[in-house]
Chemist: 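If you scroll down you'll find the structure; I have some questions about it.
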Amino acid sequence: MKNQIKLFFIVFCTFKCVGQNISSKNFIKIYNDLYPATEIFTFQCSKEGIGNLSVQFAKDGTNGLLKLEVFNNGNTNYIGGNVLVFLEDNTKITCIDKGIRDENEGKSIAIYNFNTAEMEKLKNISISKIQFTLNAKTDVYGSIPGNYTSKKYVALNESEDGIETFGTNYNIKLLFD
């Protein structure tokens, strides 16, 4: 029961944070708590029309949060449903949709949770692609729903302080160690 209450609190707080639109590049703020986060990774989507997928990871103790953000086509689409995270060792992690989503500046945002074991795996193996679903809002013309696969856009990210970092696993490891 305590774990369910804790999960509800985390999910609710995350939703509140996303709804208040108070996240920065390397932190996610939930009420008065700041959760450290990685840089934002850019993944190129398999279909045109929605742009690239922005991906960010945050630390919540030994567990993790996954933030996905994509163009929502004039507020007609939203990220929904389970997400598959494919790793470079040909394994995958399934992220269950908890309904934590928001819209901000023409983008759909969704938050997913990783447990401790999944974060350990993500610290050691880089992500090769992410599969997600864009759902259409009902009775809206011009929506572009469907399943999308996004692959790493670049292997090299550069932070604001000029430090070059390779792969998602490197940044996640820095965040959790």
Chemist: Is any side-chain heavy atom of Phe41 less than 4.5 Å from a side-chain heavy atom of Ile127?
Modeler: no

Chemist: Is there side-chain contact between Leu174 and Thr38, with heavy atoms separated by less than 4.5 Å?
Modeler: no

Chemist: Would you compute the distance between atom CG of Leu66 and atom OG1 of Thr168 and round it to the nearest 0.5 angstrom?
Modeler: 10.5 Å

Chemist: Is there a side chain to side chain contact (heavy atoms under 4.5 Å, CB included) between Asn169 and Lys123 once you walk through the steps?
Modeler: CA-CA 5 Å; Asn169 63 318; Lys123 284 170 35 176; 5.9 Å; no

Chemist: Please list, chain by chain and in numerical order, all residues satisfying ring pair (Phe, Tyr, Trp, His ring centres under 6.0 Å) with Tyr148, sequence neighbours excluded.
Modeler: Phe132

Chemist: When you compare the side chain of Val55 with that of Ile40, does any pair of heavy atoms fall below 4.5 Å?
Modeler: no

Chemist: Do Thr62 and Met119 have side chains that get closer than 4.5 Å, going by heavy atoms?
Modeler: no

Chemist: Evaluate the side chain to side chain donor-acceptor pair (under 3.5 Å) criterion for residues Thr91 and Lys121: first the C-alpha distance (whole Å), next the side-chain angles of each, then the deciding distance (0.1 Å), finally the verdict.
Modeler: CA-CA 10 Å; Thr91 61; Lys121 195 168 194 176; 3.2 Å; yes

Chemist: Is the shortest heavy-atom distance from the side chain of Asn77 to the side chain of Ser108 under 4.5 Å?
Modeler: no

Chemist: Considering all heavy atoms of both residues, which atom of Gln56 and which atom of Ala37 are nearest to each other, and what is their separation?
Modeler: NE2-CB, 3.5 Å

Chemist: What's the separation between atom OH in Tyr112 and atom CG in Asp97, rounded to the nearest 0.5 Å?
Modeler: 4.5 Å

Chemist: To the nearest 0.5 Å, what is the distance between CG on Leu122 and CG on Leu87?
Modeler: 6.0 Å

Chemist: Asn63 versus Asn113: any side-chain heavy-atom pair under 4.5 Å?
Modeler: no

Chemist: Please check if Phe57 and Leu68 belong to a single hydrophobic cluster, counting links between Ile, Leu, Val, Met, Phe, Trp and Tyr side chain heavy atoms closer than 4.5 Å.
Modeler: yes

Chemist: Do Ile109 and Tyr78 sit in the same hydrophobic cluster, where Ile, Leu, Val, Met, Phe, Trp and Tyr count as joined when their side-chain heavy atoms come under 4.5 Å apart?
Modeler: no

Chemist: Is there a side-chain contact between Val85 and Lys92 in this structure, where contact means two heavy atoms from C-beta onward sitting under 4.5 Å apart?
Modeler: no

Chemist: Drop me the distance from Ser128's OG to Phe86's CZ, to the nearest 0.5 angstrom.
Modeler: 7.5 Å

Chemist: Could I get the full list of side-chain hydrogen bond (donor to acceptor under 3.5 Å, both in side chains) partners for Asn90, not counting sequence neighbours?
Modeler: none

Chemist: Going through the checks in order, is the side chain to side chain contact (heavy atoms under 4.5 Å, CB included) test met by Ile79 and Arg101?
Modeler: CA-CA 8 Å; Ile79 299 172; Arg101 56 183 128 265; 5.7 Å; no

Chemist: What distance do Leu53 atom CG and Lys151 atom NZ have between them, rounded to the nearest 0.5 Å?
Modeler: 14.0 Å

Chemist: Are there more than 12 heavy atoms of other residues, nucleotides or ligands under 6.0 Å from atom NZ of Lys59?
Modeler: yes

Chemist: Would you say Leu175 and Pro36 make side-chain contact, with heavy atoms under 4.5 Å?
Modeler: yes

Chemist: Nearest 0.5 angstrom please: Leu84 CG to Thr94 OG1, how far?
Modeler: 5.0 Å

